[in-house]
Amino acid sequence: MSWTKKVLRINLSNGRISSEPLRMDWAGEYLGQRGLATKYLTEEIDPKCDALGPENKLIMTTGPLTGTMAATGGRYSIVTKSPLTGCVACSNSGGFLGAEMKSAGWDMIIFEGKAPKPVFLYLENETAVLVPADEIWGTSCWHADEWIHRKYQDPLLRIAVVGRSAEKGCLYAAVVNDLHRAAGRSGVGTVMASKNLKAVAIRGTRGVGNVRDISAFMAAVNKGKKVLADNAVTGQGLPKYGTQVMMNVINEIGAMPTRNMREVQFEGSNNISGEAMHEPRKSDGKPNLVTNAGCFACTIACGRISTIDRGHFSISNKPHYWGASGGLEYEAAWALGSDIGVDDLDALTYANFLCNEDGYDPISFGSTLAAAMELYEMGVITKKQTGGVELKFGSAEALSWAAEVTAKGEGFGLELGLGSKRLCEKYGHPELSMTVKGQEFPAYDPRGIQGMGLAYATSNRGACHLRGYTVASEVLGVPVKTDPLVTEGKADLVKAFQDATAAVDSTGLCVFTTFAWTMEDIAPQVDAACEGGWSTEKMLETGERIWNLEREFNLAAGITAKDDTLPPRLLKEAAKTGPAKGMVNNLHEMLPKYYEIRGWTKDGVPSKDTRKRLGLNASGLAG
Amino acid sequence: MLKALQIEPEKCTGCLQCEMACSFHADGVFNPSKSRIKIFTFHDEGRFVPYTCTQCSEAWCMHACPVEAIVLNEKTGAKEVLADVCVGCKVCTIACPFGTVNYDQTSKIAYKCDLCGGAPECAKACPTGAITYVDADHTGLARMRGHAAKSANMSAGA
């Protein structure tokens with residue numbers, strides 16, 4: 001089984017808390033986590049609803065392998081309608097909260113409505129209480145986390161919390177758990193704050209049992225761990241350098257978006273790379289990186305624990321930031337570094353700490369700041385808006401200031417909190433927003449990695465690397481090497497990655513395992529744990545069903561094929577240097593083929609046959 | 001040969017595989033809250049430290065037990081709780097200076113590390129070698145080897 005088969009439903013408007021059985025008929029079709037919660041959301045809300053209104057719901061959800069010994073089996077997701085994109089949002093996080101929720105006996109927590117006053121949820125196994133949060137409303141994630149731990153005198157409580165940025169309406173606010181893990185993208189934290197829900201604190205002591213075939217499960221789990229340990233990426237590269245192992249690799253192939261994606265290579269990339277995080281500092285001889293860290297059950301341990309140089313201008317008079325905390329991962333190092341032209345590792349780490357402390361997505365923040373810097377360079381944004389700060393590309397001081405005002409939701413920080421799309425529209429230059437469907441790009445330039453252009457354009461949550469990471473194939477050769485500069489075959493590649501990832505995101509496992517694992521490694525673990533005959537084929541079909549359901553949600557929300565596109569810069573301005581010099585992204589060569597192999601009409605709508613084949617109930621989406 | 005658990009905190013990543021392996025072996029569920037071995041996180045220092053019973057020779061828990069429910073396993077050196085003898089008085093939990101004997105509210109008896117009868121699951125599950133099961137007469141061997149390697153390098157470089 002592995003599912004607890006229980007859903008906790010919390011109506012924040014009237015304070016009613018109830019328990020209900022998990023819809024096992026849906027679990028058979030959507031597995032868990034991303035897939036299953038999307039099914040619940042699609043059935044329960046109107047996709048056209050105001051994402052920040054009480055009619056939106058926020059679902060915290062685990063997968064069947066969350067809380068088990070399966071390597072990386074500690075993930076949870078937050079599924080809701082995104083205020084940033086208007087699409088379905090599904091943000092995945094590690095740390096320890098997901099496993100704690102499962103151990104408390106719950107597959108899913110569904111939050112409805114809006115609390116009249118700020119509250120947090122205290123959940124100890126079967127006991128769920130909404131507690132007034134007046135004393136922590138208006139404080140950071142880190143402060144609220146500490147306050148709740150102290151209140152209950154329980155260091156083992158696991159806490160997910162939103163910060164000041166979310167409360168102030170930053171549209172890409174995250175939900176931060178365990179101090180520095182985050183359900184980071186698409187503004188799921190903004191939705192949580194809009195419901196006056198400050199935090200969720202969980203203590204689970206029941207454990208996770210009921211594995212369908214425990215001896216088969218342990219055999220599959222142990223085999224999987226060995227595959228991860230023996231693989232060069234998951235066994236060596238990620239533990240040593242974290243996801244930052246990518247920085248120099250991506251820069252070399254000319255796919256490193258730089259200065260709001262004007263360029264594709266960053267001259268300072270080596271200074272902010274995974275290798276640089278190991279280099280002893282001149283001031284105290286210590287490296288930025290203190291240690292690597294694992295999330296629950298993770299045998300890879302790509303997490304970075306870092307310190308900032310105490311003499312650095314950003315923190316020299318702030319002892320609060322002198323300790324170790326979550327360090328830079330590749331996407332953050334890119335967004336806070338290359339995309340704004342800053343190569344000061346300490347300044348990047350400081351901004352990263354602030355993203356964790358007050359809960360906002362470093363990718364969207366960095367990318368929005370990059371657009372603001374370009375507007376400043378053009379003279380459209382001036383010192384009048386910034387209060388005298390020189391918002392120049394390459395300025396570490398500007399980065400530190402911008403991160404501080406965005407964290408607190410003060411002054412120009414409120415404008416940065418709008419995200420790149422709304423900011424650029426406000427200042428009359430929508431073409432400068434490097435977004436798809438309103439969400440900012442991550443760290444792979446689609447001129448140098450063609451397949452990623454299609455992956456971004458068709459991602460169900462807006463621009464995102466985690467919806468179809470064809471970088472694995474186009475750059476790293478996993479599972480097979482393809483040429484990053486050609487479009488041929490990329491429609492099939494993108495579809496395959498999208499479907500597989502949707503399935504993995506529904507298990508409770510981390511997608512980073514797929515650097516080493518194929519579905520042949522994953523399906524046996526799921527099948528041994530769960531009823532329902534989870535073969536490789538069924539997993540992939542489930543992934544395809546999930547992808548199409550998300551698409552149906554977005555179509556019903558008013559997103560159309562017109563939104564399956566890229567910013568003009570990536571379609572018209574050629575890469576200036578590197579292997580992709582002279583190239584744009586040739587999306588038009590891939591998109592029609594993609595619709596065709598998806599079984600969608602030319603307007604990007606799943607055909608009747610596709611709906612029938614996947615058992616999608618489109619009538620439920622009409623509302 | 002008697003063996004002992006050896007813990008090297010600098011190798012620990014805090015993943016809790018050991019806690020799950022321990023609880024699964026003892027109770028059949030993955031439940032870190034019931035693990036005999038615990039990982040402590042010192043967040044501001046970026047340190048993870050596994051901690052469990054050292055199986056002391058003159059075991060305080062064993063001597064304190066009024067009903068002789070804690071006994072020495074001659075084969076492994078472990079001090080084991082006899083579930084059917086323990087009366088749940090908790091004196092052992094007070095006697096242990098390290099806090100590694102605890103009381104389980106569900107079973108109403110004391111529980112502690114028993115080295116899994118000579119094949120500790122935590123050591124098997126640890127992905128980084130932070131927990132190993134080694135010659136009890138030579139628990140410093142790995143550290144000695146590490147330092148030996150360094151001194152060899154030094155003289156080679158001198």
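Naming: A, B, ... by sequence-line order, numbering from 1 per chain.
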key: Which portion of B/F24 sits near chain A, non-hydrogen atoms under 4.5 angstrom   = side chain
message = Filter on ring pair (Phe, Tyr, Trp, His ring centres under 6.0 Å), then keep only pairs touching residues 65-105 of chain B, sequence neighbours left out; what's left?
response = none
task = Evaluate the side-chain proximity of B/T100 to B/K112: yes if any heavy-atom separation is below 4.5 Å, no if none is.
result = no
Please classify the contact of [X] with chain B as side chain, backbone, both or neither, using a heavy-atom distance under 4.5 Å.
X: A/T291; value: side chain
X: A/S103; value: side chain
X: A/I214; value: side chain
X: A/I300; value: neither
X: A/A301; value: side chain

Highest number of heavy-atom pairs under 4.5 Å with chain B: which of [options]?
options: A/C298, A/P155, A/G323; answer: A/C298
options: A/G204, A/G74, A/S325, A/G326; answer: A/S325
options: A/R203, A/K102, A/M218; answer: A/M218

request  = For the residue pair B/N102 and B/T93, confirm or rule out a side-chain donor-acceptor distance under 3.5 Å.
outcome  =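 Per modelled atom types, B/N102 and B/T93 side chains form no pair under 3.5 Å.
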key: Contacts with chain A made by residues 122-145 of chain B (heavy-atom distance under 4.5 Å), listed by residue number   =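 Against chain A, the residues of residues 122-145 of chain B that fall inside the cut-off (heavy atoms, under 4.5 Å) are B/A125, B/P127.
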inquiry  = Checking the side chain of A/S2 only, and the main-chain atoms of A/V211 only, is there a donor and an acceptor separated by less than 3.5 Å?
reply    = no
ask   = Under the 3.5 angstrom rule, does the side chain of A/N288 hit a backbone N or O of A/S306 as a donor-acceptor pair?
value = no
key: Residue pairs fulfilling salt bridge (charged side-chain N to carboxylate O under 4.0 Å, His left out) with at least one residue in residues 74-101 of chain B, sequence neighbours excluded   = none
ask   = Which salt bridge (charged side-chain N to carboxylate O under 4.0 Å, His left out) pairs, counting each pair once, include a residue from residues 41-55 of chain B, with sequence neighbours left out?
value =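 The answer is B/E45-B/R47.
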inquiry  = Please identify which of these residues, A/T62, A/N177, A/N92, meets the side chain to side chain donor-acceptor pair (under 3.5 Å) condition with A/Y76.
reply    =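 Single side chain to side chain donor-acceptor pair (under 3.5 Å) partner of A/Y76 among A/T62, A/N177, A/N92: A/N177.
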query = Between A/F353 and A/H180, does the ring centre distance come in under 6.0 Å?
reply =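 Centroid distance A/F353-A/H180: not below 6.0 Å, so no.
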ask   = Would you call B/E19-B/K38 a salt bridge at under 4.0 Å N-O?
value =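 Salt bridge present between B/E19 and B/K38.
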